[in-house]
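Following: one structure in structure tokens, then a few remarks.
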Amino acid sequence: MAKTVGLPLAIAVDLFLDGKIGLRGLHVPVLTEIYRPILAALEEQGIRFEEKVEPVNP
């Protein structure tokens with residue numbers, strides 16, 4: 001769990017310092033400019049997120 005908390009922040013800092021995230025200020029990471037490169041970098045580290053939606057029975 002520690003990797004899934006610390007790595008995204010570290011990756012975001014690296015992307016920001018490299019100029020790959022051009023946003024300034026505080027942002028919720030729901031913008032594609034933020035989360036797509038972070039998810040790609042996490043996958044390179046062996047962390048992959050997969051969402052499954054189960055049907056709801058009425």
Side-chain angles (χ1 to χ4, degrees):
M1 184 172 159
K3 284 186 178 183
T4 60
V5 174
L7 279 177
L9 178 59
I11 292 167
V13 169
D14 284 342
L15 291 169
F16 177 77
L17 292 174
D18 290 342
K20 296 178 181 174
I21 294 179
L23 299 171
R24 299 290 187 258
L26 182 63
H27 294 276
V28 178
V30 296
L31 302 173
T32 57
E33 182 179 351
I34 298 173
Y35 74 80
R36 282 192 180 161
I38 292 173
L39 288 177
L42 285 172
E43 192 161 355
E44 290 175 7
Q45 296 290 324
I47 298 173
R48 184 169 178 264
F49 295 91
E50 184 175 316
E51 182 178 9
K52 294 182 181 182
V53 179
E54 299 290 329
V56 177
N57 293 328

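Since this is a predicted model, take the numbers as computed values, not measurements.
In this structure, Leu39 CG and Ile34 CD1 are separated by 11.5 Å, a value rounded to the nearest 0.5 Å. Taken from CZ in Arg36 to CG in Leu15, the straight-line distance is 14.5 Å, to the nearest 0.5 Å. Summarising the geometry, atom CG belonging to Leu7 is positioned 6.0 Å from atom CD belonging to Gln45; distances are rounded to the nearest 0.5 Å. If you take CG on Leu31 and CD1 on Ile21, they are separated by 10.0 Å, rounding to the nearest 0.5 Å.
One hydrophobic cluster holds both Ile47 and Tyr35 under the rule that ILVMFWY side chains link at heavy-atom gaps under 4.5 Å. If you chain together hydrophobic residues whose side chains sit under 4.5 Å apart, Leu42 and Val28 never meet in one group. One hydrophobic cluster, built from ILVMFWY side chains closer than 4.5 Å, cannot hold both Leu17 and Ile11; they sit in different ones. Under the 4.5 Å side-chain heavy-atom criterion for grouping Ile, Leu, Val, Met, Phe, Trp and Tyr, Val30 is not connected to Ile38 through any hydrophobic cluster.
Residues forming a side-chain hydrogen bond (donor to acceptor under 3.5 Å, both in side chains) with Glu51 (at least two apart in sequence, or on another chain): none.
Glu33 and Gly22 make their closest contact through OE2-N, 2.8 Å (heavy atoms, listed as atom of the first residue, atom of the second, distance).
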